[in-house]
Amino acid sequence: SDVCSSDLAVCKDADVLFMPGVLAPWNPPSQSPAPRARTALLDENPLRQEKPVWGFQADLTLVGDIESSLAVLLAELKKRVQPGDGARKARAETWAAKNQAARKAVMDGAAALKSQAQIDPRWLAHEMNAVLPKDTIWVDETITTRPQIVPVFQNCETFVTGSIDRKSTRLNSSHGK
């Protein structure tokens, strides 16, 4: 997904953007991170050499399997970041609150579409999200509705994007839980 297109505030306020497995981190390119922000990409092919043009800012590119690399990075972070660090805790709480508010707005907006004459994809995704178990494997092969429905799949632990033929795992921690 493109980080900065979905939430410009994240892009403009962040000191660091860590983006595992993204095809294009922001679109349009004019919504790039603030100049002070450092960007890090993690992917098997982070520079996208197969693309004719791929000119996104990347201060650090990490090449590796996403799932195992995230496990190693998380273990290393747990060693280095102390639980009693008040400044980091306050910043994490601020971002968690913003994340929860954004998630609630998405879900409330999708639920409000219930009475539409035509079935809105966001409402359908909202209803599916409510009844299917967390271990459901969602396979996404949508094109035009993808930006609308993916944010609504908040109970999903595994999301497979068929269009790029690879698995991306959505971790609960990425949703502020």
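Model, not experiment: these values are computed from the prediction.
In this structure a side-chain-to-backbone donor-acceptor pair under 3.5 Å is present from Gln154 to Arg103. Counting only distance, with no hydrogens or angles, the side chain of Thr39 and the backbone of Asp59 share a donor-acceptor pair below 3.5 Å.
Pairing each heavy atom of Asp43 with each of Gly21, the nearest pair is OD2-CA, 3.2 Å. In plain terms, the two heavy atoms of Val152 and Val106 that are nearest each other are CG2-CG1, 3.8 Å. Of all heavy-atom pairs spanning Pro20 and Ile66, the tightest one is CB-CG2, 4.1 Å. Across all their heavy atoms, Arg122 and Ala110 have their closest contact at O-CB, 3.5 Å. What you find for Leu41 and Ala58 is that their closest heavy atoms are CD1-CB, 3.7 Å. Closest approach of Ile149 to Pro121, counting heavy atoms only: CG2-O, 3.4 Å.
Cluster membership for Val131 and Trp123, using ILVMFWY side-chain heavy atoms within less than 4.5 angstrom, is shared. Follow the hydrophobic side-chain contacts under 4.5 Å out from Val72 and you never reach Leu70; the two are in separate clusters. Hydrophobic clustering (ILVMFWY, side-chain heavy atoms < 4.5 Å, transitive): Val63 and Leu60 are in distinct clusters.
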Legend entry - Evaluation steps, side-chain contact (heavy atoms from CB on, under 4.5 Å), between Leu42 and Met19: CA-CA 6 Å; Leu42 167 63; Met19 299 167 282; over 6 Å; no
Inset, instruction - Using the side-chain contact (heavy atoms from CB on, under 4.5 Å) rule, take Asp65 and Glu44 through it: C-alpha gap first, then chi angles, then the decisive distance, then the call. - result: CA-CA 6 Å; Asp65 174 70; Glu44 291 89 0; 3.7 Å; yes
Inset, instruction - Given side-chain contact (heavy atoms from CB on, under 4.5 Å), test Met128 with Leu124 step by step and report yes or no. - result: CA-CA 6 Å; Met128 292 171 65; Leu124 179 61; 3.9 Å; yes
Inset, instruction - With side-chain contact (heavy atoms from CB on, under 4.5 Å) as the test, would you mind laying out the steps for Asp15 and Arg38 before giving the verdict? - result: CA-CA 6 Å; Asp15 297 322; Arg38 296 295 168 246; over 6 Å; no
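Separation of atoms OG (Ser69) and CG (Leu74) is listed at 12.5 Å; rounding is to 0.5 Å.
Contact of the Leu62 side chain with the Pro46 side chain is not registered, since no non-hydrogen atoms from C-beta on lie closer than 4.5 Å.
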For residues 112-119, run the donor-acceptor check on the side chains, cut-off 3.5 Å, and write out each pair with its distance to 0.1 Å, sequence neighbours left out.
none

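Contacts of Lys78 classified as salt bridge (charged side-chain N to carboxylate O under 4.0 Å, His left out), with partners at least two apart in sequence or in another chain: none.
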